[in-house]
Chemist: 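What follows is a structure written as structure tokens; I'll ask about it next.
The figures that follow rest on heavy atoms only: side chains count, while hydrogens, waters and symmetry mates do not.
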Amino acid sequence: MVALAVVASALALRTSGLLRVPFLPGRPAAYGALLLAVVAAFLLIVGPARRGRWRAPLLLLGAVPFLVFTWLEAGGAAVPGLGWIAVAVLAVALAFSEQRALVAGALVLLLGAGAVLAEAGLPLMPAGWNAVSAPSREALPPREPRAEAHARDLPEGMRKGAPVRVTGGTPPALGMGRGPWWRRAARATIPGPRPVVLVLDGAAQPGVLPSGGELTAVHGSRVRFDHAFDLQAFDAVLVREGAWREDDPAGRSKARAVAGFVRKGGLVIGPAPERDWPPHLARALRHAARSRRAGPEGARDLGGGRVVRAATEAGTREVLSSGLWVPEVGTALLGGAASPPWPDTFERWRDRPSERRTQGLLLLVYVLVLAAFTRLLRGGGVQILGVFLAAAAVSAGLAWTSPTDPGFRAHGLVIDLGGTGGRRLEAVALHAGRAGYVGQVRFEGGGVVSVRGGILDADGALHVPPEATAWIVRETDALGPAGGGPEDVRALVLRPLLRGDVDPKRLRLGRLERLPVRVRGAGPIPALTATYRPAQE
């Protein structure tokens with residue numbers, strides 16, 4: 001038993017950072033596999049319990065603290081899976097069975113099957129055991145929100161992937177609070193070429209829509225909206241003089257939605273300069289509505305987008321072909337196939353064996369106690385009682401001193417585009433540790449939440465593969481520059497996340513603030529802020 005304890009402690013010391021031996025494993029997962037092999041070998045040598053009397057039970061009890069150490073470090077203190085339970089049952093059977101070779105063969109087959117199934121994405125052991133925690137994409141589709149939606153009011157080609165406002169029921173995955181929440185619109189689901197133009201003319205049925213060139217027109221009678229997020233499927237909104245009447249009860253909300261659409265980076269094409277804007281819209285668009293020149297040369301910026309007037313149908317096509325509907329500035333956090341770049345100053349998760357040195361010292365003391373018990377205690381029952389008490393005390397100490405590292409690193413950042421009412425992006429950059437990440441990431445409030453680099457399961461939990469990165473991004477209304485206080489120069493690391501025509505003179509650094517998000521129960525997390533201000537207001 002002492003020999004087993006010495007061998008196991010040597011393995012544990014290498015894992016805890018107290019001993020550096022090149023040929024011994026330094027990762028708790030590899031340590032656990034080798035430890036089980038050593039215990040199985042010792043049990044095979046000792047033989048069944050009736051032949052070895054008390055030696056086999058003593059070996060099992062003596063190995064318990066080392067197995068607890070493996071479970072805490074490799075499994076992330078998670079609930080043992082079926083693989084662990086099966087290994088424990090086979091170990092007990094190996095101690096008390098006469099068919100040692102048969103049980104040992106079953107143990108080896110179980111370990112081998114665990115390794116093979118882990119490669120196939122179906123791990124038997126805890127995530128840290130085999131360093132595989134990413135679920136199958138096919139087996140875990142994202143959950144659709146169960147809520148009242150406005151998809152029935154959209155054209156057939158827009159219903160799949162169109163913006164759906166959640167007004168009741170369960171919020172979408174990664175969302176919490178009162179909302180409302182939206183799902184991001186996918187422009188690819190709208191048939192036809194870009195730009196996609198929403199035409200508002202007040203008519204009950206589609207009249208004359210823009211034609212010719214590369215564009216797709218959708219009439220306003222087929223879309224209900226009262227917020228800028230309801231318009232996110234479109235590149236441009238064509239607003240004619242009679243888009244809505246003065247007595248329209250939804251006129252103010254429509255005006256706010258169109259103005260918010262501009263501030264978030266959209267293009268609004270208004271009526272000819274000599275004609276009036278629809279009610280409430282001129283006030284919402286402020287200075288951008290007062291342009292007296294038609295065409296691209298009369299375009300005015302508002303937040304992250306532009307407002308331009310068109311006097312004729314040909315002028316409308318000219319504006320759309322000029323590229324004004326392309327956002328001036330955006331971020332790498334939304335859209336695109338590649339994952340956003342990881343800021344240089346954001347710390348990644350890394351293994352710190354030094355945090356396990358206290359546990360290594362406990363296991364060393366445990367080895368000395370076992371050596372003393374074999375000398376001082378006589379009789380099988382007394383030895384078993386002594387080893388049991390020592391193993392229980394050391395196991396409790398290991399659990400008490402286990403590092404509280406959550407197994408991941410999470411950093412927050414906020415980028416405001418377009419000033420007050422524009423696009424506010426709140427993102428959590430998450431780097432998983434050796435056991436991967438499986439947990440909840442919940443934003444408070446409402447908006448549009450998307451995930452880059454992770455997988456959502458049917459219950460709304462986020463899965464990130466071991467030592468991989470994921471971005472959880474919420475898009476909501478910008479609050480404008482943070483008032484008062486010194487600027488935080490650390491926010492300079494956010495500049496590489498901006499895309500498009502970026503003028504560094506218009507980038508204002510914000511202060512460190514708290515992000516309304518909870519990552520596996522912890523939160524809110526601190527976030528760096530940066531604001532890309534509009535050129536004029």
Chemist: Answer with yes or no after comparing the ring centroid distance for Trp244 and His280 against a 6.0 Å cut-off, counting only values under it.
Modeler: no
Chemist: Shortest non-hydrogen contact from Leu324 to Arg306?
Modeler: O-NH1, 2.9 Å
Chemist: Going from CZ on Arg240 to CG on Leu200, what distance comes out if it is rounded to the nearest 0.5 angstrom?
Modeler: 9.5 Å
Chemist: Side chain to side chain contact (heavy atoms under 4.5 Å, CB included) for Trp471 and Leu334? Distances and angles first, verdict last.
Modeler: CA-CA 10 Å; Trp471 291 80; Leu334 298 176; over 6 Å; no
Chemist: Do Val502 and Leu507 make a side-chain contact, defined as non-hydrogen atoms from C-beta onward lying under 4.5 Å apart?
Modeler: no
Chemist: Within a strict 4.5 Å, meaning less than it, do heavy atoms of the Ile472 and Phe443 side chains meet?
Modeler: yes
Chemist: Please give me the minimum heavy-atom distance between Ala478 and Leu417, naming the atom from each residue.
Modeler: CB-O, 4.4 Å
Chemist: Check this for me: does any side-chain nitrogen of one of Glu426 and Arg424 sit under 4.0 Å from a carboxylate oxygen of the other?
Modeler: yes
Chemist: Locate the shortest heavy-atom distance separating Leu231 from Ala257; write the atom from each residue and the value.
Modeler: CD1-O, 3.9 Å
Chemist: For the backbone of Gly298 and the side chain of Ser291, can you confirm whether one donor and one acceptor N or O come within less than 3.5 Å of each other?
Modeler: yes
Chemist: Taking 4.0 angstrom as the limit, do Glu328 and Arg506 come out as a salt bridge?
Modeler: yes
Chemist: Under a 4.5 Å cut-off applied to non-hydrogen side-chain atoms, are Tyr437 and Leu462 in contact?
Modeler: yes
Chemist: Go through the steps to decide whether Leu238 and Thr316 satisfy the test side chain to side chain contact (heavy atoms under 4.5 Å, CB included), and finish with yes or no.
Modeler: CA-CA 8 Å; Leu238 175 58; Thr316 301; 4.2 Å; yes
Chemist: Between Val239 and Val268, is there a side-chain heavy-atom distance shorter than 4.5 Å?
Modeler: yes
Chemist: If you round to the nearest 0.5 Å, how far is CH2 of Trp181 from CZ of Arg474?
Modeler: 5.5 Å
Chemist: May I ask you to say whether Asp503 pairs ionically with Lys505, meaning some side-chain N is under 4.0 Å from a carboxylate O?
Modeler: no
Chemist: Among Asp248, Asp226, Asp230, which residue satisfies the salt bridge (charged side-chain N to carboxylate O under 4.0 Å, His left out) criterion with Lys254?
Modeler: Asp248
Chemist: Please name the pair of heavy atoms, one in Leu302 and one in Ala288, separated by the smallest distance, quoted to 0.1 Å.
Modeler: CB-CB, 4.1 Å
Chemist: Can Glu246 and Arg252 be counted as an ion pair, charged N to O under 4.0 angstrom?
Modeler: no
Chemist: Decide side chain to side chain contact (heavy atoms under 4.5 Å, CB included) for Ile415 and Leu497; before the verdict, give the C-alpha distance in whole Å, the side-chain angles of both, and the deciding distance to 0.1 Å.
Modeler: CA-CA 9 Å; Ile415 298 179; Leu497 294 173; 4.2 Å; yes
Chemist: Taking 4.0 angstrom as the limit, do Arg511 and Glu487 come out as a salt bridge?
Modeler: no
Chemist: Below 4.5 Å, heavy atoms only, C-beta onward: do Pro524 and Leu515 meet side chain to side chain?
Modeler: no
Chemist: Does a sphere of radius 6.0 Å around CZ in Arg245 hold more than 12 heavy atoms from other residues, nucleotides or ligands, not counting ones at 6.0 Å or beyond?
Modeler: no
Chemist: Answer yes or no: is there an ion pair linking Glu475 with Arg423, defined by an N-O contact shorter than 4.0 Å?
Modeler: yes
Chemist: Between Trp349 and His431 (side chain of the first, backbone of the second, donor and acceptor by atom type, cut-off under 3.5 Å), is there such a pair?
Modeler: no
Chemist: Is any side-chain heavy atom of Thr529 closer than 4.5 Å to one of Asp416?
Modeler: no
Chemist: To the nearest 0.5 Å, what is the distance between CD on Glu513 and CG on Asp488?
Modeler: 10.5 Å
Chemist: So, applying side chain to side chain contact (heavy atoms under 4.5 Å, CB included) with Val449, which one of Val473, Val441, Leu174 is it?
Modeler: Leu174
Chemist: Pro465 and Ala432: which non-hydrogen atoms are nearest, and at how many Å?
Modeler: O-CB, 3.6 Å
Chemist: Find out whether Leu430 and Val519 are in side-chain contact, i.e. whether some heavy atom of one side chain is under 4.5 Å from a heavy atom of the other.
Modeler: yes
Chemist: Below 30° counts as parallel, above 60° as perpendicular, anything between as tilted: where do the rings of His411 and Phe346 land?
Modeler: parallel
Chemist: Between Arg348 and Glu467, does any side-chain N to carboxylate O distance fall below 4.0 Å?
Modeler: no
Chemist: First locate atom CG of Leu413, then atom CD1 of Ile525, and finally report the distance between them rounded to the nearest 0.5 Å.
Modeler: 8.5 Å
Chemist: Look up atom CD in Glu318 and atom CD in Glu297, then write down how far apart they are to the nearest 0.5 Å.
Modeler: 6.5 Å
Chemist: Please determine whether the number of non-hydrogen atoms from other residues, nucleotides or ligands lying under 6.0 Å from atom CG of Asp344 exceeds 12.
Modeler: no
Chemist: Checking Arg290 against Arg300 for the side chain to side chain contact (heavy atoms under 4.5 Å, CB included) test, could you report, in this order, the C-alpha distance in whole Å, the side-chain angles of both residues, the deciding distance, and whether it holds?
Modeler: CA-CA 9 Å; Arg290 294 192 288 268; Arg300 289 193 176 185; 4.0 Å; yes
Chemist: Working to the nearest 0.5 Å, report the span between CG of Leu285 and CZ of Arg263.
Modeler: 8.5 Å
Chemist: For a side chain to side chain contact (heavy atoms under 4.5 Å, CB included) with Pro343, tell me which candidate from Val493, Leu528, Leu492 qualifies.
Modeler: Val493
Chemist: So do Arg309 and Trp277 actually touch side chain to side chain, heavy atoms under 4.5 Å?
Modeler: yes
Chemist: Please give me the minimum heavy-atom distance between Leu494 and Ala530, naming the atom from each residue.
Modeler: CD1-CB, 4.0 Å
